[in-house]
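Right, one structure below, let's go through it.
Within every chain, numbering begins at 1; the chains are lettered A, B, ... in the order of the sequence lines, protein sequences first and strands thereafter. Every heavy atom of this structure was used, including side-chain atoms; hydrogens, water molecules and symmetry mates were not.
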Amino acid sequence: MRISVQESPFDLGKETAGFSAGRKDMGALVTFTGVVRDLPGDPLQALEIEHYPGMTEAALTEIAEQAMARFSLGDALVIHRYGRLVPGEMIMMVATAAPHRNDAFDGAEFLMDYLKSRAPFWKREITATGADWVASKAEDEAALDRW
Amino acid sequence: MRISVQESPFDLGKETAGFSAGRKDMGALVTFTGVVRDLPGDPLQALEIEHYPGMTEAALTEIAEQAMARFSLGDALVIHRYGRLVPGEMIMMVATAAPHRNDAFDGAEFLMDYLKSRAPFWKREITATGADWVASKAEDEAALDRW
Amino acid sequence: MDILYFAWVRERIGLPRETVETQAGTVADLVAELRKREDRYDLAFSDLSALRVAVDQKLTDFDASLAGAREVAFFPPMTGG
Amino acid sequence: MDILYFAWVRERIGLPRETVETQAGTVADLVAELRKREDRYDLAFSDLSALRVAVDQKLTDFDASLAGAREVAFFPPMTGG
């Protein structure tokens, strides 16, 4: 299990290839990668991500440990960036390894759902017309109910 | 959209990094990778995968086109190997890109569920005690009902 | 008409493909003709619920018409992924 | 006790962290004390349903006790991922 909260970019290809590599007991690997999207209408100049150093790592570790236990994962990876990002840049990724595919998929979706609403990150969108904090979505909170 | 049915290994890192790279309209990328697992008890020497050349590519293309339309995917990738594989080797991967994460996850799970029961591949497990065709699972057929 | 066999169907019948002359109207008719040929065919087709069929590389069922068909394939349920 | 503010809470209050002397027994008591200080605090805490709180880096609620607490953080709902 590895958690990384970092300002610098990560190498998706390298992280994916290196994740759980060489293990012969995990039949299923899932990755999710979040990318900064351009906004239709009012083009995004940058996305600024603020976080709570100390708590962020602890919260992500707790979420990942829950996912590992609940879905019998053999391994889990969470990388989340902070700072200023431009459209097309990768914000974060998670990866899960499990003997069977349903657990790998469920584990990755669980990580994403909890990370969205329970890890202390806040996004601000910078466009030509101003800067706005991204509002949380009721559907993101509701997504936790399925687990 | 790309479909590849091949005997040779694929480079997971390179495929993942290259998938949908540089696009600014896709916020979510999901990959699934299937790996040959060792069998507990009776160690697996090799997994042999037979397929139906011609039909395989057509079936995978149809499944991927359905996923693209149904989940508004921006891109989809399916790579599936055939021939003789040993434990730890990657059998196949799918990748999906979508504006939002739910569609990317659903698209990848849909691809996997259909690919398992509707694409003409057959697996044979070779162990020290003999060779057996892998039986299809009722749960794999049942998994299609959710779509 | 080309007939293809895969996985344990191929092993039981003992060959991967063959060309047959047939007037069979449906897949079921073709199966009935094949079963009469030899024991190994009869055995391979003894439980149709354990078999799948594709006509011209499209999955279908045993009631399917063979009108215009060039290629029929028999195989067990798929186990990809 | 260290008080931390994030995102628009930080912007409204105008600073990322400060150290306060307080005898507040609960988070709600601390919020009441802060609101009395200045308008910018009163404004920032005017709608608690739009706020989240962590005590010693653990998410909790406004009823939580501050006994033994060293660090309290206020921020809007998280938007990670």
To the closest 0.5 Å, what do you measure between [atom1] ([X]) and [atom2] ([Y])?
X       : Y       : atom1 : atom2 : answer
M55(A)  : Q57(D)  : CE    : CD    : 7.5 Å
R35(D)  : E33(D)  : CZ    : CD    : 13.5 Å
F75(D)  : W8(D)   : CZ    : CH2   : 11.5 Å
T129(A) : D132(A) : OG1   : CG    : 7.5 Å

Between W133(A) and F6(D), is the gap from one ring center to the other below 6.0 Å? no

What about F45(D) and F74(D), are their ring centers closer than 6.0 Å?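 Yes: the rings meet the under 6.0 Å criterion.
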
Does any heavy atom of chain D fall under 4.5 Å from the side chain of [X], the backbone, both, or neither of them?
X       : answer
A135(A) : backbone
R118(A) : both
A58(A)  : neither

Per-residue tally against chain D (heavy atom, under 4.5 Å) across T56(A), D113(A), V134(A), V94(A) peaks at V134(A)

Largest heavy-atom contact set with chain D, pairs under 4.5 Å, which of M92(A), E141(A), M93(A), K116(A):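 So the answer, after comparing M92(A), E141(A), M93(A), K116(A), is K116(A).
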
Checking R10(D) against chain A: side chain, backbone, both or neither under 4.5 Å from a heavy atom?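 Just its side chain gets close to chain A.
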
Please classify the contact of A7(D) with chain A as side chain, backbone, both or neither, using a heavy-atom distance under 4.5 Å.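 For A7(D), the contact with chain A is made by backbone and side chain together.
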
